[in-house]
Amino acid sequence: MEPLYKPEGVEARWQRTWEDEGLYRAEPDDPRPTFVICVPPPNVTGVLHMGHALNGTSQDVLIRYHRMRGYNALWQPGYDHASIALQNVIVGLLAEEGIDRLDIGREAFVERCWEFIRQYGPHIIGQFRSLGASLDYRRNRFTLDDEYTKAVMRFFVHLANKGYVYRGSRIVNWCPGCASVISDLEVNHIEVDDALSYVRYPFADGDGSITIATVRPATILADVAVAVHPEDERYRDAIGREVIVPFVERRVPVIVDERVERGFGTGALKITPGHDPTDWEIGQDHHLLEPMVVGLDGRMNAEAGELAGLTQAEADERVLAWLKEHDQLEKRESYRHAVGHCDRSGDRVEPLVMLQWWVDMTELVKPAIAVLRDGRVRCTPEQQTKVMLSYLENIRPWCISRQLWWGHRIPVWYCADGHTTIAETAPYSCAECGSPALHQDEDVLDTWFSSALWPFATLGWPEQTPELARFYPGDVCSTGRDINFLWVSRMIWAGLELMGDIPFSAVNYHSMIMAPDGRRMSKSLGTGIDPTELIDEYSADATRYGLLKMSSTQDVRFSVGMIEEGRKLANKLWNVARLMLAQSQGVTPEARPQSVEERWILSRLDVTRELLEESIPTFGFAAAVTSLYHLTFDDFCDWYAEAVKPRLYDGDDDARATALAALERLLTLLHPVMPHVTEEIWSQFHDSRLIVSPWPEPYARDDDATRTLEHVRDAGTVFRRSATLPAKLSDDERRIFDAVVKPERQKSNGNAEAERERLRNEIARAEQMLGNERFVSKAPPEVVEAERAKLERYRRELETIGD
RNA sequence: GGGCGGUUAGCUCAGCUGGGAGAGCACCUGCCUUACACGCAGGGGGUCGCAGGUUCGAACCCUGCACCGCCCACCA
């Protein structure tokens, strides 16, 4: 064994070995209790990013921990077809070749997508492997596999049969860049600088006018009414009269609606149901027409008459010019407001009225609301429960159709008479008229429609497989907050609807790792840090450690120092193992503690075991790795190893056997976090595999040993500062003292006076507190008692130092 | 506009239900002591964002303010 731990080669070797020996596998006929993690399937469009690496590591810690604790632990890999994201990637790749997707057609385009999947799908799974993720790689699933597609079709038909899925004409978010509608959750509201134009609409009877405010003058062409608030005194006389829409000079009514904000603009709102969500809702209630003057390309369409073909900005100019000419533009003021943009393409979203497929959510989410309320599904951090609930309680219809080619095609067929047939597989004839001439809906489903089924479709649903029976419901879903609504909430209600049970009982939201400058890590900003480079430079073990240390509940800035800490830990472990193994050839590990430091380290190991048993299942990974670091450096190496070293050299077999037993226990505790280096060391003195070794049993704590060690530590501190060896040390204490505290440090004695000063101050403070009657009477007795003990100790120490 | 979180050492962050301000890195001093210089032993460094309040006692609880970040959102 080399003095410097070199992870190159070691990690890949163990990853191969563990997988080849089938140690990652979970089987349905394994009778032990199950532990199942639902892994967010990464998109195939990207490489592993920091979020994947952090999430993968925390899940792997959970899986390895539960595996060691004797669970039948299933962690199943897979990836998502990422309908809109991948389609955009392929469109971009084609564009580089100068090809338009419309030129090559749907079939060829989809084939290009599959080529991409075949090329990059294994790539991202391979990156999880190099992190040491102990997924059951045989069970890899893809959301567009035949079996999975069957589940998606069953889901759609199920919802349609229950009346939740319907086709309807509603206002949608149209993304001109993606040439598709998107759901509300895929819209980002971004602040933009606009101008608010105040426009006079003359009354049709020629008596005066009413002024409205708009940021989109060109949409005036599609106005069907002007609305005011029912209790707005200013407009009481206007209600029921007609106004003339400028430019198109159309007569429209003045209506009342409570959704109008009296305080905004003039308190009068032009109603354009074809191009604004609020207006659309008002239009629905008042049975207004929904004309549209903007087309799918974002330009003015044929309905815009002489403005047809212009961009909206150009059309705005033309309308404003007309208004000025006719003295109907009262004023313009600059105005900053949030406007919807497509999450994928960044294009400004165009609200349009279109015929699309929808899921009516209100009833579907009720069971999900219930399980979140009663704690059957718990979130960490728990504030997220409230966030999720407020989303579900205010849920709106979900638009699930997309005008894309890549994805699950909607299982709906139309005949020439316009009848609709909904079926899991292509029907031979129309369900209504029997016509065999059918054509399938051209659209595909929202990619998240299939993701909602992930926890059970990956287990074989709708088939009743042994896997499904054994591994559903699962236990944990670990993810980022960014897909809370898109994915997590949908798995919960879909699981309850289709399986009649929750998909998991705990959701862990990991922190977001920001770039060192505090900005979001992103490829486009150039702030991304590639975790595979960290693995190459620092090892997977060190990267895992560092990421876990960064995984607090809040968002955190990336700092390479955490990873370096992990590398140091691996190296430290390697070297203390080197010491112990070199001294213990042919010795069988067995805890036969003879001395106080041995009793003490076994006790310390057990304290840490208990701490890990509390923190790991509750996702407190940062606390877990911190305790492991201090256990290894401070307790195991700096105190225990130093103290026991002389006896190892002396050939004390009890000390050697105990050292190996303590090392074993340390490796076991560290294995979930740093699997490779611990397995490598383990293999130096075992034929078995650490990955499947049992988690340590509780060990009787030894408070006496702890007290002794603390006494030596205190004595050492006093000794160093005073250059005077304290008298009353027992034999055991003196031995540890000689081994660890090292007498030659006698020279560093310059601080004796400063130390006396400190102790005097402490004594004065404690005396003051104990002299405070209200403190003594009102503070809990144990606190007062502790203060008395401190006072005693300080006085003793001051005496020990002497003058 | 609504909601959530943050502000602690030069940097990145811990600090659980109120009771002696912590870690890692960086910095300074001394050590190549036969496991480890990716190390060992020590050290300096903080008005816990600001202002009030509750309490014997506040980084922690309450109120207000400032700044930063995130999520949600149909005031045109």
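Computed from a predicted model, the values in this text were never measured in an experiment. By convention in this document, chain letters (A, B, ...) are assigned in the order of the sequence lines, proteins followed by strands, and residues within each chain are numbered from 1.
- The side chain of A:Asp638 lies closest to B:rA41 when the candidates are B:rC38, B:rA41, B:rA73.
- Checked against the 6.0 Å centroid threshold, A:Tyr335 and A:Phe264 count as a close aromatic pair.
- When each of A:Leu579 and A:Gln383 is assigned the nucleotide of RNA chain B bearing its nearest heavy atom, the one mapping closer to the 5' terminus is A:Gln383.
- Classified by interplanar angle (parallel below 30°, tilted 30° to 60°, perpendicular above 60°), the ring pair A:Tyr391/A:Phe485 is parallel.
- The interatomic distance linking A:Leu569 (CG) with B:rC25 (P) rounds to 12 Å, in whole Å.
- One P atom belongs to B:rG22, the other to B:rC68, and the distance between them is 32 Å to the nearest Å.
- In terms of phosphate contacts, A:Tyr335 brings a side-chain nitrogen or oxygen within less than 4.0 Å of OP1 or OP2 of B:rA76.
- Contact between the side-chain N/O atoms of A:His189 and the OP1/OP2 oxygens of B:rG1 is not found at any separation under 4.0 Å.
- Considering only side-chain N and O atoms, A:Arg216 lies nowhere under 4.0 angstrom from the phosphate OP1 or OP2 of B:rC74.
- Ranking B:rC75, B:rA73, B:rA35 by closeness to the A:Phe264 side chain, first place goes to B:rC75.
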Next on the checklist: I'd like to know whether A:Ile513 forms a side chain to side chain contact (heavy atoms under 4.5 Å, CB included) with A:Leu547, so could you lay out the CA-CA distance, the side-chain angles of the two residues, the decisive distance to 0.1 Å, and finally the verdict.
Outcome noted: CA-CA 9 Å; A:Ile513 298 183; A:Leu547 290 173; 3.7 Å; yes
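- A distance of about 15 Å separates the P atoms of B:rC36 and B:rA41, rounded to the whole Å.
- The pairing partner recorded for B:rC60 is none, the criterion being a Watson-Crick or G-U wobble arrangement whose two distances lie under 3.5 angstrom.
- Using N1 to N3 plus N6-O4 or O6-N4 for Watson-Crick, or N1-O2 and O6-N3 for G-U wobble, each under 3.5 Å, B:rU34 pairs with nothing.
- Closest to the side chain of A:Lys572, out of B:rC70, B:rC40, B:rC56, is B:rC40.
- Atom CE of A:Met550 and atom C1' of B:rC11 are 13 Å apart (whole Å).
- Taking atom P in both B:rC4 and B:rG64, the straight-line distance is 13 Å, to the nearest Å.
- Sorted by first and then second residue, the side chain to side chain donor-acceptor pair (under 3.5 Å) pairs with a member in residues 210-220 of chain A read A:Thr211-A:Glu330, A:Arg216-A:Gln312, A:Arg216-A:Glu350, A:Thr219-A:Lys270; sequence neighbours excluded.
- Among the heavy atoms of the strands lying under 4.0 Å from A:Val783 is at least one base atom, whether or not backbone atoms are also near.
- Comparing B:rC27 with B:rG44, their C1' atoms are spaced 8 Å from each other, to the whole Å.
- Distance CG (A:Asp285) to P (B:rC74): 16 Å, rounded to an integer number of Å.
- Taking atom CZ on A:Arg481 and atom P on B:rC70, their separation rounds to 11 Å, with Å as the unit.
- Across all strands shown, the partner of B:rC67 is B:rG6, judged by Watson-Crick or G-U wobble contacts whose two distances both fall under 3.5 Å.
- Considering only side-chain atoms of A:Phe485, the nucleotide from B:rC75, B:rC71, B:rC13 that sits closest is B:rC71.
- B:rG52 and B:rA66: their C1' atoms are spaced 15 Å apart (whole Å).
- Among the atoms of the strands shown, none is found under 4.0 Å from any heavy atom of A:Tyr198.
- The partner of B:rA73, taking Watson-Crick or G-U wobble pairs whose two distances both stay under 3.5 Å, does not exist in any strand shown.
- When the nucleotides B:rC70, B:rC74, B:rC13 are ranked by their closest atom to the side chain of A:Glu281, B:rC74 comes out on top.
- Residue whose closest nucleotide on RNA chain B sits further toward the 5' end, between A:Gly561 and A:Thr214: A:Gly561.
- Comparing atom distances between the A:Lys645 side chain and each of B:rC71, B:rA35, B:rC75 picks out B:rA35 as nearest.
- Atom name C1', nucleotides B:rC71 and B:rC28: the rounded distance is 45 Å, in whole Å.
- Across all strands shown, B:rG43 is found opposite B:rC27 as a Watson-Crick or G-U wobble partner, with both distances under 3.5 Å.
- In this structure, the nucleotide among B:rC38, B:rC74, B:rC70 sitting nearest to the side chain of A:Thr278 is B:rC74.
- A salt bridge between A:Glu565 and A:Lys568 is absent, with no side-chain N of the basic residue lying under 4.0 Å from a carboxylate O of the acidic one.
- The A:Asn772 side chain lies nearest to B:rC56 when the options are B:rC13, B:rC56, B:rA76.
- Base engagement by A:Val576 is indicated by at least one non-hydrogen atom pair under 4.0 Å involving a base atom.
- With rounding to whole Å, A:Leu611 atom CG is found 13 Å from B:rG15 atom P.
- Using a 4.0 Å cut-off, some side-chain N or O of A:Arg396 falls inside it from OP1 or OP2 of B:rC74.
- Of the candidate nucleotides B:rA76, B:rG39, B:rA35, B:rG39 has the atom nearest to the side chain of A:Lys568.
- Side chain of A:Glu565, nearest nucleotide from B:rG19, B:rA76, B:rG24: B:rG24.
- The interatomic distance linking A:Asp634 (CG) with B:rC40 (P) rounds to 9 Å, in whole Å.
- OP1 and OP2 of B:rG24 both lie 4.0 Å or more from every side-chain N or O belonging to A:Lys549.
- The base of B:rA35 sits within donor-acceptor range of the side chain of A:Glu642, with an N or O pair under 3.5 Å.
- Contacts of A:Leu4 with the nucleic acid, taken as non-hydrogen atoms under 4.0 Å apart, include base atoms.
- A:Glu642 and A:Lys645 are joined by a salt bridge, as a carboxylate oxygen and a charged side-chain nitrogen come within less than 4.0 angstrom of each other.
- The pair A:Arg647-A:Glu597 counts as a salt bridge, with a side-chain nitrogen and a carboxylate oxygen less than 4.0 angstrom apart.
- With both ends at atom C1', the span from B:rG15 to B:rG24 equals 15 Å, rounded to whole Å.
- Under the 4.0 Å criterion applied to side-chain N and carboxylate O atoms, A:Asp555 and A:Arg481 are assigned as salt-bridge partners.
- For A:His337 and B:rC75, the shortest distance from a side-chain N or O to OP1 or OP2 is not below 4.0 Å.
- B:rG42 and B:rC16: their P atoms are spaced 27 Å apart (whole Å).
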Next on the checklist: side chain to side chain contact (heavy atoms under 4.5 Å, CB included), that's the test. Do A:Arg332 and A:Leu320 meet it? Break it down for me.
Outcome noted: CA-CA 10 Å; A:Arg332 294 195 86 200; A:Leu320 288 168; 3.5 Å; yes
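- Rounded to a whole Å, the CG atom of A:Asp482 is 16 Å from the C1' atom of B:rC4.
- Spacing between atom CE of A:Met512 and atom C1' of B:rC68 amounts to 18 Å, rounded to whole angstrom units.
- Phosphate proximity of B:rU12 to A:Arg557: present, with a side-chain N or O under 4.0 Å from OP1 or OP2.
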